[in-house]
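Report on the following structure.
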Amino acid sequence: MEQTIFWGIWGVLGGMMFLYYMRRVHKIRSFLAGACSGLLALLLVHYAGTWIGYSPALNLLHVLQAGILGVPGVILMVVLHFTI
């Protein structure tokens with residue numbers, strides 16, 4: 001059940017980001033800016049994670065999450081770590 005909820009949340013968020021990027025005038029530029037800022041935020045949390053008590057691993061799931069969802073995805077990753 002938890003697995004279904006987990007993938008359901010990411011599916012809904014990914015769909016929302018897809019719709020957001022499709023409504024933008026500069027779709028590719030907007031996506032690249034969001035992906036770069038998300039990856040930068042993931043690296044920042046990874047290397048400075050000792051201060052907050054959570055340093056996420058740099059694996060495929062986390063990189064895709066940060067790349068597709070951007071900074072909100074990284075924030076959600078940290079919040080879910082401390083609430084679950």
Side-chain angles (χ1 to χ4, degrees):
M1 183 69 176
E2 284 183 21
Q3 199 83 4
T4 306
I5 293 171
F6 175 80
W7 289 111
I9 289 171
W10 295 126
V12 168
L13 290 174
M16 290 172 57
M17 290 307 292
F18 178 76
L19 292 175
Y20 171 76
Y21 288 131
M22 288 298 112
R23 291 183 182 173
R24 304 288 293 183
V25 175
H26 302 286
K27 294 169 181 54
I28 295 174
R29 188 185 315 166
S30 177
F31 173 74
L32 289 176
C36 288
S37 65
L39 293 173
L40 185 64
L42 178 63
L43 287 174
L44 181 68
V45 170
H46 174 74
Y47 288 116
T50 57
W51 293 339
I52 61 171
Y54 174 60
S55 180
L58 296 178
N59 58 25
L60 182 63
L61 177 66
H62 290 156
V63 170
L64 285 175
Q65 176 182 344
I68 294 172
L69 300 178
V71 175
V74 176
I75 293 171
L76 184 62
M77 181 189 323
V78 173
V79 169
L80 285 176
H81 172 74
F82 287 112
T83 58
I84 292 181

Nearest heavy-atom pair of Gly34 and Tyr21: which atoms, and what distance? CA-OH, 3.7 Å

Should Met17 and Leu13 be marked as a side-chain contact (heavy atoms from CB on, under 4.5 Å) after you check the CA-CA gap, both sets of side-chain angles, and the distance that decides it? CA-CA 6 Å; Met17 290 307 292; Leu13 290 174; 5.6 Å; no

Which residue pairs satisfy the side-chain hydrogen bond (donor to acceptor under 3.5 Å, both in side chains) criterion with at least one member in residues 68-80, sequence neighbours excluded? none

Which residues satisfy the side chain to side chain contact (heavy atoms under 4.5 Å, CB included) test with Ile28, sequence neighbours excluded? Leu32

Pairwise side-chain hydrogen bond (donor to acceptor under 3.5 Å, both in side chains) hits with a residue in residues 67-84, at least two apart: none

My understanding is that only residues two or more places apart in sequence, or in another chain, count here; which of them pass side chain to side chain donor-acceptor pair (under 3.5 Å) with Tyr20? Arg24

Result block: side-chain N/O donor-acceptor pairs under 3.5 angstrom for residues 62-80, not counting sequence neighbours:
residue, atom, partner, partner atom, Å
His62, ND1, Ala57, O, 2.7
His62, ND1, Asn59, OD1, 3.3
Gln65, NE2, Gly73, O, 2.7

Result block: side-chain N/O donor-acceptor pairs under 3.5 angstrom for residues 46-55, not counting sequence neighbours:
residue, atom, partner, partner atom, Å
His46, ND1, Pro56, O, 2.6
Ser55, OG, His46, O, 2.6

Quick check on the hydrophobic clustering: are Leu42 and Leu40 connected, directly or via other members, by side-chain heavy-atom contacts under 4.5 Å? no

Non-hydrogen side-chain atoms of Lys27 and Phe31 separated by less than 4.5 Å: no

